[in-house]
Amino acid sequence: MNGWADALLRRGPEGRRLRALRRVRPGPLADHLATPLPDRDTPLDRLPLLAVDLETTGLDPRRDRILSIGWVPVDGGEVRLGGAGRVVVRDGGADGVGQSAAVHGITDDDLVHGTAPEDAVGALLGALAGRVLLAHFAAVETGFLGAACRRSWGVEPPFVVVDTLELERRALVRADRRHAEPGALRLATARARRGLPPYPLHEALTDALACAELYLAQRAELEHTTPETTLTLRQVVA
């Protein structure tokens, strides 16, 4: 490999993965980091993704907490329900769920019987190994997961991300709808625009599935508009 290509590797996600692997404490994150990330030239019909959704007590990873995690694998153009998972996270916060219970319906009693935070995040990292993280408004997922990994294992992992909210924004630009109505980028609105069925909101596994289905619909639109092009991760990465 020449010096220019080597420098790009060191700066890119693969280089960040290798640097994080050298610093991480033993545990599930180390196992996750030991698996190479998909190359950005991977065709979408062979791309392994994991649709992820978190329910949290708020939107600030510095003070709010993860309450539940849901995930669904997507292999190429297929949703793999057999690999789906959901965990409720046992919480030691003195304030409990608080007012966020009105959004997601998770109660303090649910948390008492939940999975320890490190084990819950570890289960997700195992499912995510070698896959691209797929989410709607992925900054929430990467922010909370990064903070949780730093607390447990001393390192924030580099995530390669496909964000269906960003794909929707690009779709509206292509359709010359840059100033679409408020809420146009919401998950439920983007699904309704494509005739996808409504699902109950703010349940981690259901939202992960809803995101996976939206991604496949968005991908089909992209493929229809560029029939002569083999689409790759490069065209959809956030």
Side-chain angles (χ1 to χ4, degrees), residues 1-2 4-5 8-9 11-17 35-53 70-84 127-142 158-199 201 205-238:
M1 181 180 294
N2 59 41
W4 177 80
L8 284 179
L9 175 61
R11 288 201 300 269
E14 187 65 8
R16 292 194 294 272
R17 177 184 72 84
T35 305
L37 297 165
D39 186 271
R40 297 207 173 198
D41 292 322
T42 303
L44 295 188
D45 62 6
R46 293 194 287 108
L47 183 66
L49 304 105
L50 191 75
V52 176
D53 184 78
W71 64 85
V72 180
V74 180
D75 289 331
E78 296 187 25
V79 175
R80 303 289 190 184
L81 292 178
L128 186 59
R131 292 180 176 271
V132 170
L133 191 152
L134 174 66
H136 196 80
F137 191 37
V140 171
E141 279 68 31
T142 57
F159 296 109
V160 178
V161 173
V162 173
D163 190 335
T164 50
L165 185 146
E166 172 61 18
L167 293 181
E168 191 65 9
R169 186 194 66 78
R170 297 177 194 175
L172 292 175
V173 170
R174 287 195 304 273
D176 199 24
R177 295 185 59 194
R178 296 170 180 81
H179 305 292
E181 64 278 5
L185 296 177
R186 290 178 179 170
L187 178 59
T189 306
R191 286 176 56 85
R193 192 174 290 125
R194 292 163 178 81
L196 295 170
Y199 288 160
L201 299 175
L205 180 55
T206 303
D207 282 354
L209 176 60
C211 175
E213 293 175 346
L214 174 60
Y215 162 75
L216 293 181
Q218 292 171 326
R219 174 189 152 183
E221 289 177 357
L222 283 171
E223 291 173 335
H224 180 73
T225 59
T226 56
E228 305 302 320
T229 303
T230 299
L231 295 177
T232 67
L233 173 58
R234 193 178 302 278
Q235 277 79 52
V236 297
V237 72

If you look at every heavy atom in [X] and [Y], which pair is closest and at what distance?
X	Y	result
R170	Q235	NH1-O, 3.1 Å
E141	A135	OE1-CB, 3.7 Å
G83	W71	O-NE1, 3.5 Å
A238	D163	CB-CB, 4.1 Å

Atom pair [atom1]/[atom2] of [X] and [Y] - distance to nearest 0.5 Å:
X	Y	atom1	atom2	value
Y199	L187	OH	CG	10.5 Å
T164	L134	OG1	CG	6.0 Å
L44	L49	CG	CG	8.0 Å
H136	E166	NE2	CD	11.0 Å
L47	R40	CG	CZ	11.5 Å
T226	L231	OG1	CG	4.0 Å

Do [X] and [Y] have side-chain heavy atoms sitting under 4.5 Å apart?
X	Y	answer
F137	L185	no
E168	R186	no
R80	L50	no
L209	L81	yes
T225	E221	no
L167	Y215	yes
L222	T229	no
R191	P198	no

So does [Y] get a backbone contact from the side chain of [X], meaning a donor-acceptor N/O pair under 3.5 Å?
X	Y	value
T42	L233	no
E213	A210	no
R219	G76	yes
R169	L165	no

Tell me whether the count of non-hydrogen atoms from other residues, nucleotides or ligands lying under 6.0 Å of CZ in R193 goes above 12.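 For R193, atom CZ is crowded (more than 12 foreign heavy atoms under 6.0 Å).
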For T230 and D45: C-alpha separation, side-chain torsions, deciding distance, then whether side-chain contact (heavy atoms from CB on, under 4.5 Å) applies. CA-CA 9 Å; T230 299; D45 62 6; 5.8 Å; no
